[in-house]
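These notes are about the structure you will find just below.
Every chain is numbered from 1 and lettered A, B, ... according to where its sequence line falls, protein lines coming before strand lines. Since we're looking at a predicted model, the values are computed, not measured.
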Amino acid sequence: MSAAPFSRRLLDWHATHGRHDLPWQVSDPYRVWLSEIMLQQTQVITVIPYYQRFLERFPDVASLAAAPVDDVLALWSGLGYYTRARNLHKAAQAVIERHGGAFPRSPAAISELPGIGASTAAAIAAFSFNTRAAILDGNVKRVLARWAGIDGLVAQKAIEKQLWALAESLLPDGPDMPAYTQAQMDLGATVCTPKKPACLACPLQDDCVAKRDGRQAELPTPKPKKIIPSKTTVMLLIRDGAGRILLQQRPPNGIWGGLWCLPEVPSTLAAVADARAQLGCEIELDETGEDFVHVFSHYRLTITPQYATLLREIPQAREAGLQWFAIPDALAAGIPKPLRSLLER
DNA sequence: AAGTCGGGGTA
DNA sequence: TACCCAGACTT
């Protein structure tokens, strides 16, 4: 006696226990695409307000393609992984220019757009065009590693290849690709969770290797933990006579790429000289703000806010990307989260 | 293969 | 705290 197929059990479970009211559960490829990009490494509850605001400003791919990238980054401000926003903008322009405004249909063509890898391309194709294509996101990796009892780091190439092959072998035939794709994500997000999975509610429990062997906590194989380094920086909050502050747009690569940020110096000691040389600003230092810590995934940044007053500007020998902002304009621009916190207090 | 890239939810 | 999230891209 064998259980119903994997996909059938997943689909039946999804019909009654899946998530059916997410705002991007539509067939419009633009909306599906936008949601998939925002959802990369970002949880549903975090994405929803950003998604709504973004769609109000950019209701279709043409409006997105025509916008300045600064406007796109402003709407992404606070969501993180800002390369996603710049790639989204580039991809919108590619859809207009190379595809005549119609979103490409095949996973291969979709994945050629910047910011879209194999899994995201498959999800877009499945949701928008009912294409039979396997996804392999964090949820699916966890579900499959447990269900099939696959040991080894999922980041390892051989393991990932194995998971892709398994995911493709389990695909259903017929018209159920949107539901099946959603079902995998929903099972991983609500039942087969990283910690304390709800195995008794799982449609795959009867033949799940991890459950059979009590290895739910060991699969997928936990990543080795590494110690993240600490860095420090001083952010200069320079005010001019009109109460504006000086911001500097960061280069496209690196942390907070393309965002507007406070000018940084290594320490408060040489801040006056550094401001003269790099910012073309003669300043006097005011109070030093209280340190605060901002934690990234790969390092911990201690930020010292240094308040200062502009005495006069020296236009020559200024670095690029410097601009004075009134506070409300700064808050409406593409700025990173710690700067928003600093300006709002 | 390993590192880079944010910010937040959750236990 | 520590882990992980509808990953992609660079080195």
Side-chain angles (χ1 to χ4, degrees), chain A residues 18-19 22-25 32-51 73 76-88 90-91 110-127 133-143 152-161 164 167 178 180-190 192-197 217 220-229 250-259 261 293-301 334-341:
Chain A
R19 297 177 290 188
L22 299 173
W24 42 81
Q25 289 178 333
V32 172
W33 166 44
L34 174 62
S35 74
E36 290 298 329
I37 301 303
M38 285 190 165
L39 286 160
Q40 287 171 356
Q41 297 295 287
T42 311
Q43 295 183 341
V44 165
I45 190 64
T46 303
V47 163
I48 288 175
Y50 285 89
Y51 177 82
L73 285 168
W76 214 270
S77 173
L79 193 55
Y81 284 139
Y82 299 96
T83 298
R84 295 184 294 176
R86 293 194 304 278
N87 280 336
L88 187 80
K90 282 184 209 164
I110 294 172
S111 69
E112 286 186 19
L113 295 169
I116 302 180
S119 185
T120 298
I124 295 171
F127 286 131
I135 62 167
L136 192 65
D137 63 8
N139 288 313
V140 178
K141 287 174 180 172
R142 185 170 56 254
V143 169
L153 292 169
V154 294
Q156 297 281 327
K157 202 169 179 182
I159 303 299
E160 187 170 353
K161 191 175 175 182
W164 270 115
Y180 177 74
T181 305
Q182 187 66 50
Q184 296 174 89
M185 297 171 169
D186 290 353
L187 189 75
T190 66
C192 194
T193 49
K195 293 169 187 174
K196 299 178 67 174
T221 304
K223 283 179 282 194
K225 59 180 102 179
K226 54 186 170 191
I227 299 159
I228 66 172
R250 305 181 69 95
N253 308 324
I255 202 77
W256 296 328
L259 296 196
C261 202
V293 176
H294 188 76
V295 181
F296 297 101
S297 10
H298 49 313
Y299 64 91
R300 170 187 308 269
L301 184 64
I335 59 174
K337 187 61 172 62
L339 178 53
R340 187 170 299 282
S341 306

Notebook entry, point to check: Of all the choices, C/dA6, C/dC4, B/dG3, which nucleotide is nearest to the side chain of A/Lys226 once you look at every atom?
Noted result: B/dG3
Check: Rounded to the nearest Å, what distance is computed from the NZ atom of residue A/Lys157 to the P atom of nucleotide C/dA8?
Finding: 15 Å
Notebook entry, point to check: For every nucleotide of nucleotides 6-11 of chain B, 5' to 3': is a protein heavy atom under 4.0 Å from its base (B), only from its sugar-phosphate (S), or from neither (-)?
Noted result: BBBS--
Next item on the list: Would you mind classifying the nucleic acid contact of A/Ile227 as base, sugar-phosphate or nothing, using non-hydrogen atoms under 4.0 angstrom?
Entry: nothing
Check: Heavy atoms under 4.0 Å, any strand shown: does A/Val47 hit a base, just sugar-phosphate, or nothing?
Finding: nothing
Next item on the list: Heavy atoms only: give me the nearest A/Cys192-A/Arg142 pair and the separation to one decimal.
Entry: O-NE, 2.6 Å
Next item on the list: Would you please test A/Arg19 and A/Thr190 for side-chain hydrogen bond (donor to acceptor under 3.5 Å, both in side chains) and show each step?
Entry: CA-CA 9 Å; A/Arg19 297 177 290 188; A/Thr190 66; over 6 Å; no
Notebook entry, point to check: Applying salt bridge (charged side-chain N to carboxylate O under 4.0 Å, His left out), which residue pairs with at least one partner in residues 250-259 of chain A are found, sequence neighbours left out?
Noted result: A/Arg250-A/Glu264
Notebook entry, point to check: Got a sec, which residues hit ring-ring contact (aromatic ring centres under 6.0 Å, His included) with A/Tyr299, two or more places apart in sequence or on another chain?
Noted result: A/Phe296
Next item on the list: Sticking with atom P, work out how far C/dT11 lies from B/dG6, rounded to a whole angstrom.
Entry: 15 Å
Item checked: A/Lys223 NZ to C/dC3 C1', straight-line distance once rounded to whole Å -> 8 Å
Next item on the list: Can you tell me the distance, in whole Å, between the CD atom of A/Glu36 and the C1' atom of C/dC5?
Entry: 13 Å
Check: Between A/Asp186 and A/Ser111, which is nearer to the 5' end of DNA chain C once each is assigned its nearest nucleotide?
Finding: A/Asp186
Next item on the list: Could you check whether A/Gln184 gets within reach of a base, just the sugar-phosphate, or nothing at all, counting any heavy atom under 4.0 Å?
Entry: nothing
Notebook entry, point to check: Whole-Å distance between C/dA8 C1' and A/Ile37 CD1?
Noted result: 9 Å
Check: Say you pick atom P in B/dC5 and the same atom in C/dA6; how far apart are they, in whole Å?
Finding: 23 Å
Check: Over how many whole Å does the gap from A/Lys141 atom NZ to C/dG7 atom P extend?
Finding: 8 Å
Checklist line | Those residues that, when tested against A/Tyr51, pass ring-ring contact (aromatic ring centres under 6.0 Å, His included) (two or more places apart) | finding: A/Trp24
Notebook entry, point to check: Heavy atoms under 4.0 Å, any strand shown: does A/Pro222 hit a base, just sugar-phosphate, or nothing?
Noted result: nothing
Next item on the list: Round to the nearest Å and state the distance from A/Leu136 atom CG to C/dA6 atom P.
Entry: 13 Å
Check: A/Ile228 has an atom CD1; how far is it from atom P of C/dC4, in whole Å?
Finding: 15 Å
Next item on the list: Output yes when at least one side-chain N/O atom of A/Arg142 is less than 4.0 Å from OP1 or OP2 of C/dC4, else no.
Entry: no
Notebook entry, point to check: Which residues satisfy the side-chain hydrogen bond (donor to acceptor under 3.5 Å, both in side chains) test with A/Gln25, sequence neighbours excluded?
Noted result: A/Gln182
Next item on the list: Would you please name every residue forming a side-chain hydrogen bond (donor to acceptor under 3.5 Å, both in side chains) with A/Thr83, sequence neighbours left out?
Entry: A/Arg86
Notebook entry, point to check: What does A/Trp33 touch in the nucleic acid at a heavy-atom separation under 4.0 angstrom: a base, only the sugar-phosphate, or nothing?
Noted result: nothing
Notebook entry, point to check: Where the side chain of A/Ser111 meets the backbone of A/Ala118, is there a donor-acceptor pair that is under 3.5 Å apart?
Noted result: no
Next item on the list: Rounded off to whole Å, could you give me the CD-to-C1' distance for the A/Gln25 and C/dA6 pair?
Entry: 12 Å
